[in-house]
Structures are given as C-alpha cells and as structure tokens.
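Heads up, the thing below is written out as structure tokens.
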Amino acid sequence: MSTSAQKLYEGKAKIVYATEKEQEYLTYFKDDATAFNAQKKGTIVGKGEINCTVSSALLKWLESKGIPTHFIDQPSSREMLVKAVKIIPLEVVVRNIAAGSLCKQTGLNQGEKLPFPLVEFYLKNDELGDPLLTCDRLSILNIIPSEQIEQLKQYALQINQHLQEFFQSCQITLVDFKLEFGFDSENNIILADEISPDTCRLWDELEQDKQKRVLDKDRFRQDLGKIESAYQEVQQRVLTQIEKLKNS
Ligand code: ADP
Ligand code: MG
C-alpha cells in the first residue's frame with residue numbers, strides 16, 4: 001500500500017483507503033479483535049491475512065453464483081480492492097441454528113436447529129450497541145424503502161443457501177453470519193464488507209465437543225484459546241474447497 005494513500009475510515013477490524021479511482025477503495029485487514037461492542041479488545045495474530053483471504057475467496061465465489069458483491073481483487077494478503085459503496089447502516093444477520101444473542105433473548109437452546117433461516121436486521125450503530133430492529137422500527141427509521149429491505153432479505157437468504165452448501169462441503173456447519181450491503185455508483189445494492197470467522201459462527205462437523213468444534217470469533221469472545229489455529233483451519237478448508245471447485 002502506498003504511504004500516500006488517504007485513509008478514509010478506520011473501523012474495528014479494517015482500514016478503508018481511497019485509491020486513484022473514485023469508485024474503488026482499498027480495505028486493509030488488521031489483527032485487532034473486538035467483541036461485545038468493543039468492550040473486549042485483543043489481537044489475533046495473522047487474523048487480518050486470514051479474514052482478507054477467506055473473504056476474498058467467498059465473495060468471489062458468491063459473485064460467480066450471481067450475487068453482486070464489492071469484491072474486485074486481493075492485491076496482497078491483507079488488502080482487498082473493492083467497489084466503493086455507501087454502506088447501508090444495517091447489519092443483516094442470518095441464523096440457521098440458535099446461538100449467541102438469539103439464545104440470550106429468547107431462551108432457545110444453543111445449538112437448536114431453527115425451523116427456517118431467520119433473517120434479522122440490527123442498526124449498525126456502535127453508540128447504541130447495534131440494537132435489533134423490529135419491522136415497524138425499520139419503517140420508522142426510514143433508512144431505505146421497504147422494497148429494498150425485502151431485497152436485502154432475499155439476497156441474505158440466497159447467500160445463506162450458497163454459503164451453507166459451501167461450508168457443508170468443507171465439513172463446517174454455518175450456524176449464523178452477519179452481512180453488510182451498500183449502494184454502488186449506479187445505486188445498485190451490492191454485498192460489501194467481509195465474510196470471515198469474525199462475522200460467521202462456524203462449527204467443525206468433525207468435532208463433537210461443544211467447545212472444541214468452535215472455529216470462529218466465539219473462541220475469542222469466550223476465551224476458549226487456540227484462536228489462531230481455528231482461523232487457520234477455516235482458511236485451509238475454504239481454500240482447499242475453492243481449488244476443488246475450480247478443477248471440477
Ligand atoms: P466496524 O468497526 O464497523 O466493524 P470494519 O473495521 O469492519 O468496521 O470495517 C470498516 C468500515 O468499512 C465499516 O464501516 C464497513 O461498513 C466499511 N465498508 C466495508 N466495505 C465497504 C465498501 N465497499 N465501501 C465503503 N465502505 C465499506
Ligand atoms: Mg466490521
């Protein structure tokens with residue numbers, strides 16, 4: 001990355017830089033880890049490279065399945081060249097299995113399979129603690145029109161179908177994940193941000209133990225140890241599967 005690159009924004013996990021092209025940004029993936037709305041902070045050595053590489057591979061693969069994404073290129077291990085978007089301030093969460101805040105808020109048991117994929121919208125606002133929104137709160141906030149909310153939901157469900165199938169072939173269960181979308185220069189809604197062990201709950205199907213099977217940021221949230229090796233395992237299985245698909 002050239003030192004003259006203009007830093008536009010530094011988030012918890014990435015730095016966004018301007019490029020010579022107005023419609024392209026360079027995102028730099030850091031090793032910084034945060035959880036519980038940044039109350040817990042730490043470093044996961046090598047995370048930036050893994051999240052950038054895993055995200056790049058998955059976004060590229062989703063693009064090949066017809067999902068419009070911001071991915072352009074991965075010019076280096078920690079850098080992703082993306083289409084500049086105006087981020088929609090919503091975190092779109094898809095859940096296949098109950099875990100995390102869903103269990104805390106509803107009493108559903110951790111690990112319980114949901115009868116259908118649950119799509120939830122959270123307001124992307126750290127100061128407010130990213131609250132869960134209801135349909136009516138969404139319409140009152142008027143962030144985007146209801147037809148576009150429906151479009152986000154349909155994209156989220158399609159992405160879930162593709163990712164579930166993909167992770168299954170890696171012998172990983174896709175428990176849940178968070179997506180961010182934005183408007184590109186032509187005002188189309190496209191998938192942005194990242195898809196990584198930071199933003200997905202991933203359980204190793206080859207492991208029965210409820211702690212050992214965790215291959216995602218819950219290892220950091222819950223101090224389960226062996227975080228780096230879990231992230232490496234995800235990267236290794238994802239890249240192996242991508243290679244297989246290329247050659248088939
Ligand atoms: P956060 O602390 O909000 O999780 P991150 O460090 O993960 O932030 O990412 C930095 C910022 O980059 C986030 O606000 C994210 O929404 C934004 N972002 C991701 N992809 C794009 C894109 N293609 N164009 C513009 N902003 C983006
Ligand atoms: Mg983020």
Side-chain angles (χ1 to χ4, degrees), residues 1 5-44 46-60 62-63 67-75 78-94 100-101 120-133 143-144 148 152 155-156 159 176-202 216-218 220-221 231:
M1 182 199 335
Q6 191 202 346
K7 192 196 271 194
L8 296 176
Y9 180 74
E10 177 157 3
K12 298 185 290 290
K14 302 184 289 295
I15 308 173
V16 181
Y17 293 95
T19 69
E20 313 83 81
K21 295 185 186 160
E22 204 187 328
Q23 292 173 10
E24 295 181 8
Y25 290 161
L26 192 71
T27 56
Y28 176 89
F29 286 65
K30 304 187 284 182
D31 283 350
D32 299 0
T34 63
F36 311 115
N37 198 22
Q39 286 169 300
K40 183 181 169 94
K41 289 193 177 120
T43 304
I44 301 173
K47 174 175 86 88
E49 295 184 15
I50 292 176
N51 283 1
C52 184
T53 303
V54 168
S55 290
S56 296
L58 293 176
L59 289 170
K60 199 173 167 185
L62 284 171
E63 193 81 49
I67 305 289
T69 81
H70 71 161
F71 179 78
I72 299 173
D73 190 22
Q74 186 186 3
R78 285 177 187 267
E79 293 172 324
M80 196 195 294
L81 188 66
V82 299
K83 292 178 190 158
V85 302
K86 193 168 167 285
I87 288 281
I88 300 168
L90 293 172
E91 299 203 334
V92 185
V93 171
V94 184
S101 65
E120 298 178 319
F121 294 91
Y122 293 81
L123 184 63
K124 189 173 158 56
N125 183 319
D126 286 337
E127 275 164 41
L128 299 177
D130 298 339
L132 173 65
L133 298 175
I143 296 165
I144 48 172
Q148 289 181 346
L152 291 185
Y155 273 144
I159 292 164
D176 58 35
F177 58 97
K178 183 267 300 179
L179 300 171
E180 292 181 25
F181 294 86
F183 292 103
D184 70 8
S185 58
E186 277 143 27
N187 251 352
N188 296 309
I189 292 179
I190 65 173
L191 177 62
D193 208 48
E194 62 178 280
I195 303 176
S196 71
D198 268 12
T199 63
C200 301
R201 280 198 174 87
L202 303 168
D216 56 67
K217 202 164 85 172
D218 274 346
F220 172 73
R221 290 190 191 95
Y231 276 57

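Throughout, residue positions are numbered sequentially from 1 according to the sequence presented. Start at 1 and go down the list; that is how both ligands and their atoms are numbered.
Summary of contacts: the protein heavy atom closest to atom 5 (P) of ligand 1 is K14 NZ, 3.6 Å. Here the heavy atom of the protein found nearest to atom 22 (C) of ligand 1 is V85 CG2, 3.5 Å. Nearest to atom 26 (N) of ligand 1 among the protein's heavy atoms is I87 CG1, 3.6 Å. At the top of the distance list for atom 3 (O) of ligand 1, counting protein heavy atoms only, stands K124 NZ, 2.7 Å.
Taking every heavy atom of both residues into account, P75 and L81 meet most closely at CD-N, 3.8 Å. For the pair G129 and N37, the tightest heavy-atom approach, listed with the atom from each and the gap, is CA-ND2, 3.5 Å. Across every non-hydrogen atom of G46 and D31, the tightest pair is N-OD2, 3.2 Å. Contact detail for Q74 and C52: the closest heavy-atom pair is NE2-SG, 3.6 Å. Here the closest non-hydrogen pair linking F177 and C200 is CB-SG, 3.7 Å.
Taking each of D198, D184, I72, D193 in turn, the one with a heavy atom nearest to atom 19 (C) of ligand 1 proves to be D193.
Counting heavy atoms closer than 4.0 Å to ligand 1, residue K12 contributes atoms from both its backbone and its side chain. Contacts with ligand 1 closer than 4.0 Å are made by side-chain heavy atoms of V82 only, the backbone lying farther away. Residue E10 does not touch ligand 1, judged by heavy-atom distances below 4.0 Å. Under 4.0 Å from ligand 1, the heavy atoms of V16 that appear belong solely to its side chain. Of all the heavy atoms of K83, the ones lying under 4.0 Å from any atom of ligand 1 belong exclusively to the backbone.
For the ligand labelled ligand 1, residue K30 lies outside the 4.0 Å heavy-atom shell.
Those atoms of ligand 1 that come under 4.0 Å of a heavy atom in E180, given as number and element, are 15 (C), 16 (O). Counting the atoms of ligand 1 from 1 in the order shown, those under 4.0 Å from a heavy atom of A13 are 5 (P), 6 (O), 7 (O). Atoms of ligand 1 lying under 4.0 Å from any heavy atom of Y25, numbered from 1 in the order shown and given with element: 24 (N), 25 (C).
The shortest side-chain heavy-atom distance between L59 and V82 does not fall under the 4.5 Å cut-off. The shortest distance between side-chain heavy atoms of Y155 and L179 does not fall below 4.5 Å.
For the pair Y9 and ligand 1, the shortest N or O to N or O distance does not fall below 3.5 Å.
Judged by distance alone, with hydrogens and angles left aside, the side-chain atoms of S55 form a donor-acceptor pair with the main-chain N or O of I195 at under 3.5 Å.
Judged by distance alone, the side chains of E63 and T69 do bring a donor and an acceptor atom under 3.5 Å apart. Side chains of N51 and Y231: no donor on one and acceptor on the other come within 3.5 Å.
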